[in-house]
Protein chains: 2
Amino acid sequence: MEKQTVTIYDVAREAAVSMATVSRVVNGNPNVKPATRKKVLEVIDRLDYRPNAVARGLASKKTTTVGVIIPDVTNAYFASLARGIDDIAMMYKYNIILTNSDENGGKEVQVLNTLMAKQVDGIIFMGNRVTPELREEFKRSKAPIVLAGSVDAEKSQPSVNIDYVAAVAEAVKNLIDHGNQKIAFVSGPMDEAINHDYRLKGYKKALKDAGLTYDEKLVFETDYTYKAGQALEPALTAAGATAAFVGDDELAAGVMNGLTDAKIDVPGDFEVITSNDTKLTELVRPKMSSITQPLYDIGAVAMRLLTKLMNNETVEENTVILPYGLMKRSSTK
Amino acid sequence: MEKQTVTIYDVAREAAVSMATVSRVVNGNPNVKPATRKKVLEVIDRLDYRPNAVARGLASKKTTTVGVIIPDVTNAYFASLARGIDDIAMMYKYNIILTNSDENGGKEVQVLNTLMAKQVDGIIFMGNRVTPELREEFKRSKAPIVLAGSVDAEKSQPSVNIDYVAAVAEAVKNLIDHGNQKIAFVSGPMDEAINHDYRLKGYKKALKDAGLTYDEKLVFETDYTYKAGQALEPALTAAGATAAFVGDDELAAGVMNGLTDAKIDVPGDFEVITSNDTKLTELVRPKMSSITQPLYDIGAVAMRLLTKLMNNETVEENTVILPYGLMKRSSTK
DNA sequence: CTTTGATATGAAAGCGTTTTCAACTTGCGT
DNA sequence: ACGCAAGTTGAAAACGCTTTCATATCAAAG
């Protein structure tokens with residue numbers, strides 16, 4: 001009793017027209033006499049005909065599906081972008097194939113290949129470690145690819161981001177203005193372009209602008225986890241830091257709570273400012289000051305840009321920079 | 001200069017074999033002489049041939065793609081499930097089409113239809129408001145559907161969950177054991193089966209078991225947002241509650257912070273216990289006691305179950321109940 | 001009534017695979 | 001040398017749609 005599928009052929013027969021005509025009414029082609037359109041529509045309704053998107057994809061070479069490579073959906077920052085992406089995708093009648101990469105180069109290459117095999121019309125990539133192999137695969141792709149909230153030092157692809165170096169510089173300057181001389185730079189893996197080539201640069205710039213000297217001992221490289229942040233307290237104190245810029249909100253919550261647990265008052269004795277302005281910043285006490293980013297919009301704009309690219313529209317600027325801000329909450333003075 | 005795609009036909013020609021043979025080696029069919037397999041493999045490598053999954057899907061009627069309907073990726077609870085789903089999917093060579101529904105019935109029906117149009121091999125549904133129309137669509141689907149971390153009062157579909165009523169009952173009992181007489185039940189929308197038919201039942205059961213009477217005034221229905229929780233403090237105090245069971249972690253963080261901001265000591269003057277055991281419970285101060293759920297596993301097991309269903313394997317039990325626990329942290333005595 | 005330029009329609013060729021079925025080889029036992 | 005089963009291969013028919021191109025149809029113009 002396998003459920004029977006009704007095809008365009010069945011509709012054509014019942015409506016006494018050709019497949020071509022059925023196809024036309026299904027696709028809203030205007031070259032159909034209203035009377036026959038009505039007739040076909042009735043049959044479609046009666047038979048409950050639903051076009052097979054796979055067959056459609058094969059015939060038209062368009063799948064109305066885009067691939068999205070995300071480090072980890074469980075990360076609030078990327079999840080927000082993903083939401084923006086999906087909403088705009090839906091608005092333009094696309095669906096999203098979502099895959100977690102864990103920023104693992106091998107997995108990324110593999111995933112990219114299966115996405116291409118599935119003939120996605122475009123790809124949105126999130127992740128800050130664009131390896132040469134990956135860049136090679138990007139080039140090979142016939143589907144346009146845009147980076148969202150992610151940078152590639154080589155700028156090999158269209159992308160949408162904020163100005164990370166300016167944002168970080170401003171955040172750090174803020175800390176400096178509060179009288180801090182020893183400001184820690186707490187970062188995720190340094191082999192990620194965003195940390196090494198952008199945030200760190202912003203950090204150094206702020207230091208330099210203020211006449212402070214850069215001290216490697218104030219740079220702390222860890223992974224993006226709450227635990228890692230929490231465990232950082234002894235090292236932070238030992239280094240004599242009185243403030244910290246942190247590259248991820250969950251990580252920042254960790255360092256803040258670690259500090260607090262060690263009876264160090266935030267922001268009284270130690271200020272911390274974070275980067276992503278996810279919901280988390282408001283949930284935690286004290287609330288965390290943060291660089292603000294239009295998270296949802298980064299995703300949304302990236303997807304919008306992708307639709308243009310898929311549509312072969314000429315696009316004025318391939319790398320779009322969205323505005324950032326600084327939100328003072330309670331983890332800074 | 002449109003990039004040229006190489007097809008199975010090209011490979012066949014170059015290797016001087018038939019398409020059928022190429023297809024066999026690509027699909028690992030053993031009925032191929034090692035020598036010709038080698039020859040074909042070489043050509044595939046030389047031409048960089050990549051099978052077109054869409055054509056494959058049309059011919060084989062399998063897309064190795066499953067649809068996932070999620071209320072909101074931005075919600076930590078569902079995001080965790082999604083991660084479990086994707087990992088297992090990848091393990092079984094499936095991809096995920098992810099769509100946010102906002103638990104909106106109309107959107108859900110529509111999304112379900114496009115998923116079916118795309119010929120997904122199966123569907124995982126998250127959402128606790130299974131409307132009759134939706135149930136109707138479920139039935140119509142030829143692809144198996146399993147609910148993950150979501151209940152349908154009618155139990156119309158395979159699903160994986162924890163025993164919500166027992167879990168909530170235990171959590172509330174815990175509060176009662178601490179001497180609380182007036183325990184608030186803070187819940188998301190009551191038209192969601194999980195709230196009305198499960199959690200509330202558990203709440204009432206615990207009350208009854210302890211000889212306490214159920215008081216509607218202690219039931220607070222809101223939406224699942226931090227703000228909503230935070231705004232609840234006056235009402236909570238007015239009702240004379242000294243403890244609360246909350247149905248969502250972000251919501252719980254809101255009520256806790258609202259209480260704290262109003263100088264009400266948690267857990268000293270007011271205890272709160274939450275439901276989902278997401279990361280959030282650990283980030284917030286005091287850390288929140290919670291029902292623990294194997295979030296990742298709920299997703300993973302749901303996906304695993306789906307693979308069996310898609311494979312027409314006979315499955316012993318269609319509705320699987322995973323174990324829950326109670327984690328005492330610092331928001332309860 | 002014929003011509004003409006839209007406007008509607010249909011036939012059929014793909015799209016790139018899988019799969020069925022028949023046919024062809026081999027190796028062996030006798 | 002013969003017969004046969006097992007192992008290999010290819011031809012061709014799907015799969016369900018879009019799209020091109022030719023053919024009809026039709027209203028208005030001559």
Side-chain angles (χ1 to χ4, degrees), chain A residues 2-41 43-44 47-65 93 114 116-121 142, chain B residues 2-41 43-44 47-65 93 114 116-121 142:
Chain A
E2 183 62 22
K3 290 171 193 172
Q4 192 55 54
T5 65
V6 6
T7 74
I8 198 174
Y9 179 79
D10 300 318
V11 176
R13 181 171 29 74
E14 291 291 308
V17 298
S18 72
M19 289 165 49
T21 298
V22 178
S23 176
R24 287 192 189 94
V25 350
V26 167
N27 291 296
N29 184 315
N31 293 353
V32 179
K33 196 163 32 167
T36 63
R37 179 191 308 282
K38 180 154 174 289
K39 185 173 58 175
V40 170
L41 251 16
V43 174
I44 286 181
L47 302 189
D48 191 31
Y49 165 68
R50 328 250 188 125
N52 177 324
V54 173
R56 250 217 268 234
L58 183 58
S60 68
K61 297 177 164 302
K62 297 211 168 307
T63 55
T64 63
T65 301
K93 313 280 192 199
T114 96
M116 288 163 50
K118 295 214 168 169
Q119 313 298 120
V120 295
D121 297 336
K142 45 168 49 172
Chain B
E2 181 63 25
K3 291 173 193 171
Q4 192 54 54
T5 65
V6 5
T7 73
I8 198 173
Y9 180 77
D10 299 317
V11 176
R13 180 170 31 71
E14 290 290 310
V17 299
S18 71
M19 289 165 48
T21 298
V22 177
S23 176
R24 287 190 189 97
V25 350
V26 167
N27 292 295
N29 183 317
N31 292 353
V32 180
K33 199 163 27 164
T36 64
R37 178 190 309 282
K38 181 154 173 288
K39 185 173 58 176
V40 171
L41 250 17
V43 174
I44 287 181
L47 302 189
D48 191 29
Y49 165 68
R50 327 250 190 126
N52 178 324
V54 173
R56 248 213 271 232
L58 182 57
S60 69
K61 296 176 165 303
K62 297 210 169 308
T63 54
T64 62
T65 301
K93 315 278 190 201
T114 97
M116 286 163 49
K118 295 215 168 169
Q119 312 299 120
V120 294
D121 296 335
K142 45 167 50 171

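Labels below follow one simple rule: chain letters A, B, ... track the order of the sequence lines, proteins then strands, and each chain is numbered from 1. Heavy atoms only: backbone and side chains are in, while hydrogens, waters and symmetry mates are out.
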* Side-chain donor-acceptor pair under 3.5 Å between A:K118 and B:T65, yes or no? -> yes
* Which heavy atom of A:T7 sits nearest a heavy atom of A:Y49, and at what distance? -> C-CE1, 3.6 Å
* side-chain contact (heavy atoms from CB on, under 4.5 Å), paired with B:R56, selected from B:T64, B:N27, B:I8 -> B:N27
* Shoot me the first and last contacting nucleotide of DNA chain D against chain B, ordered 5' to 3', at under 4.0 angstrom to non-hydrogen atoms. => D:dT8 to D:dG16
* Enter the inter-axis angle for the ends of the helix from C:dC1-D:dG30 to C:dT30-D:dA1 (five pairs per end, rounded to 10°). => 50°
* **From CZ (B:R37) to CG (B:N29), nearest 0.5 Å** => 8.0 Å
* 4.5 Å side-chain heavy-atom contact, B:V25 and B:I44 -> yes
* To do: Determine, for nucleotides 9-21 of chain C in 5'-to-3' order, which nucleotides have protein heavy atoms under 4.0 Å from the base (write B), from only the sugar-phosphate (write S), or from neither (write -).
  => BBB--BBBBBBB-
* Asked: Do you know which two heavy atoms are closest between B:L58 and A:V54, and how far apart they sit?
  -> N-CG1, 3.5 Å
* Might you point out which heavy atoms bring A:Q119 and B:A53 nearest each other, and give the distance in Å? => OE1-N, 4.4 Å
* Check B:P51 against A:A117 and note the closest heavy-atom contact, atom names and distance. => O-CB, 3.9 Å
* Asked: Do B:V11 and B:E14 pass the side chain to side chain contact (heavy atoms under 4.5 Å, CB included) test, and can you show the C-alpha distance, the side-chain angles, and the key distance before you say yes or no?
  -> CA-CA 5 Å; B:V11 176; B:E14 290 290 310; 5.9 Å; no
* To do: Taking the side chain as every heavy atom from C-beta outward, state whether B:V22 and B:V17 have any atom pair closer than 4.5 Å.
  => yes
